[in-house]
Amino acid sequence: MEKMKRSNSSLGSAEFLTRLLAALLCFGTAFSQQSLETDFRTTGARVVAVFEPQRQVIQQSSAVIYQGRKEIAYGVVVSADGYILTKASEVEEVSNIVVRVDKKLFKDAKVVVTDANWDVALLKVDATELVPVIYASDSKLDQGTWVVVNGVTSRTRRRVLGGVISAKAREIPAAGGPALGVQLKTDEDRLEVQAVSEGSGAEEAGMKEGDVITSVEGKKVKEIKALVELLKEKKAGDVVKVSLKRDGKKIELDVKLSAKGELFANKSRNDQMSGDYSKRRSGFPRVIQHDILGASETMGGPVIDLEGRVVGMNIARANRAETFAIPVEELKNLAEGMVAQARK
Amino acid sequence: MRRLLTSLSLGFAVALIPASLLAFSLNAKKAPESAEDLMMIQEALQAALPKAKAATIGIDLGDGSGSGVIVSKDGLVMTAAHVSGGVGKDVEVVMPDGSKLKAETLGLMAETDAALIQITEENPDGGDFPFVEVNKTDEAKLGDWIFSLGHSGGFDKERGVVVRLARLVRMANTTIQTDGTLIGGDSGGPLFDMDGRLIGIHSRVGQRLPVNMHVPVRVFLDSWDKMLKSEFVGEGPFAKQEKKGSGFLGVATKGVEGGLEITKVGKKTPAEEAGLKEGDLLHTFNGEKLETRDGMKALLAEMAAGDKLALEITRDGKDETIELKLGKR
């Protein structure tokens, strides 16, 4: 494993990787006799079997969210009549959301409320007898406390994975502040788009090279400084109205702000070794952290303690070694507030 | 009834056995079978964490970061060779409270990724450094529960050191593999048994998340004296020795009566950082008399980046000795 941010070292990354691969290959053959059976590894069937009581909670109260047949997220069942919380950035733009709770499939699930601050969406499915989660009294868990989450899933059966609280609860500031996700020409006295960043809100909204931004949120902007000042008052995840001129025509777009540090161009070495991490993984008011393996499509589900009570909701696979969850105190407030809003 | 008995006897066992046997007892079963078994693992981990965390430091290398663990009261640190990167280098260690202390890299094993670092400043709290016990018994076995600590992605005071609980899944002469995920910044950090004794140092990862490799403590112990004596053992892949002639000082000189006079000091060079100035008269180079520019060139050609250099000079009529480390050409 290379150190982070090591750029001009004598041991260049490419060379290092080649050597590492060579080392790994030798390793594979030399070890065949000296290896623990898969079933007994931390994520193995014989180990996770001990979490059967917790698995039953997950089976009933952790939803699986699909885009068509593709699993895209998990969810937390928060009411008997079909309200389910999930990770907003994994379900937005998905028109055909399908939800499974226990063995039952619900088609035509709808996003009814979203909270950009926490990246949480409230889904509604047509149900009457779901089993909502039971909240723990608080998330004050010492480092090293067991927690259990939804692991792999099949049509009829949820499997679980266990791990521990791995770091202190804390705020995760937005990586680099809010940005539209465009590069602007600097030598003009107008805001002409030079390039649109891959994966940015600007790209999603359909901004194009050559567009000239004239106003944001109804305020006229002519220079980068003014634009930056305007965006400062916003957060990553907020949607802003952008007016622009394209080929002489006036166009209005709703652009979702990205966190500067999360735009695709900034993929670090640690990101490269992290596999499938969450698109949005920063800008959370407070999180707890655990060490359970997962991928971006396993976010949104409940994190429960050994008593089967919810201590948090998985909100971001931050990297290879760190997963963030919304603490139960904030989660409960969010759920109650969002459901009340939806019922209005 | 049987279940009740099991749980009773386990509770009893936890209370009576000395801490050093806890790991043995919680590893006795191939997999945990009950909530009691899980609690035994959790309690062992939480009992071991405070001491283990206090000794797990960050290592700031300027162009990157790694982790390490203090193993003696006077500040000896075990880490990975690809973190220390060389012998006799100045680095900074970051204590858990965020305070930074000067340190120097000692020896390393370039082929197995083992290295030692010595903290060269006093503990600001006064007294001994927090340190962990090294498990010298080499008794760790497949399936043992273990935990990894490290400053994943770099030191973060708000977050603190990150723990991962996992199992030992493969073993070989110079490598232990566990299924607790590591990432850049964890390199050089400690792998512990459930009694909080050090059994390995984080080294590298595979493509798949559960593939994480550590250098067993045994590798360190086998070459302990060499590393203490600041020897650079082996060649690659985890560290490369600087070659002769790679050393860089950063001055232009002309021959004058009694030595070489500095005519120019390069910006941001080791010479400038050490305080050498235009007009300084250089007399000796690590004790060798300096007479001609070619003479100094020949001496420099025998040295490598990071080597120590002492220069006796005269400035404004006063004699001085300037010490520095050569940069990389």
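Letters A, B, ... mirror the listed sequences (proteins, then strands); counts begin at 1. Note that the structure is predicted; figures quoted are calculated from it, not measured. Every heavy atom of this structure was used, including side-chain atoms; hydrogens, water molecules and symmetry mates were not.
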> Does any heavy atom of chain B fall under 4.5 Å from the side chain of Val164(A), the backbone, both, or neither of them?
Replying inline: side chain
> Judged by modelled atom types alone, do Arg317(A) and Ser278(A) share a side-chain donor-acceptor pair under 3.5 Å?
Replying inline: no
> What residue in Lys30(B), Gln46(B), Arg159(B) has the most heavy-atom pairs under 4.5 Å with chain A?
Replying inline: Arg159(B)
>> Does anything in residues 49-59 of chain B reach chain A? List residues with heavy atoms under 4.5 Å apart, or say none.
In response: Leu49(B), Lys53(B)
>> Pairing donors with acceptors under 3.5 angstrom, does anything connect the side chains of Arg41(A) and Ser35(A)?
In response: yes
> What part of Ile165(A) is in contact with chain B, defined as an atom under 4.5 angstrom from a non-hydrogen atom: side chain, backbone, both or neither?
Replying inline: backbone
> Parallel, tilted or perpendicular: which describes the rings of His82(B) and Phe238(B), with under 30° parallel and over 60° perpendicular?
Replying inline: tilted
> Who wins among Val169(B), Asn212(B), Leu165(B) for the most heavy-atom pairs under 4.5 Å with chain A?
Replying inline: Val169(B)
> Considering all heavy atoms of both residues, which atom of Leu168(B) and which atom of Leu36(A) are nearest to each other, and what is their separation?
Replying inline: O-CD2, 3.8 Å
>> If I measure from the heavy atoms of chain A, does Leu209(B) come under 4.5 Å with its side chain, its backbone, both, or neither?
In response: both
> Do other residues, nucleotides or ligands put more than 12 heavy atoms under 6.0 Å from Arg159(A) CZ?
Replying inline: no
>> Does this structure show an ion pair linking Glu37(A) with Arg46(A), if we count only N-O contacts that are shorter than 4.0 Å?
In response: no
> After noting the C-alpha distance and the side-chain angles of Glu139(B) and Arg197(B), does the key distance pass the salt bridge (charged side-chain N to carboxylate O under 4.0 Å, His left out) rule?
Replying inline: CA-CA 12 Å; Glu139(B) 68 197 1; Arg197(B) 292 175 302 175; 3.5 Å; yes
> Can Arg281(A) and Asp271(A) be counted as an ion pair, charged N to O under 4.0 angstrom?
Replying inline: yes
> For the candidates Gly143(B), Gly86(B), Gly160(B), which exhibits the highest count of non-hydrogen atom pairs separated by less than 4.5 Å from chain A?
Replying inline: Gly143(B)
>> Counting heavy-atom pairs closer than 4.5 Å to chain A, which one of Asp179(B), Leu149(B), Leu45(B) comes out on top?
In response: Asp179(B)
>> Quick check: closest heavy atoms across Arg167(B) and Lys29(B), and the distance to 0.1 Å?
In response: NH2-O, 4.1 Å
>> With a 4.5 angstrom heavy-atom cut-off, is it the side chain or the backbone of Glu171(A) that approaches chain B, or both, or neither?
In response: neither
>> Less than 3.5 Å apart, any donor N or O on the side chain of Ser65(B) or Asp60(B) sitting next to an acceptor on the other?
In response: no
> Of all of Glu52(A), Arg170(A), His290(A), Arg320(A), which one pairs up most often with chain B through heavy atoms under 4.5 Å apart?
Replying inline: Arg320(A)
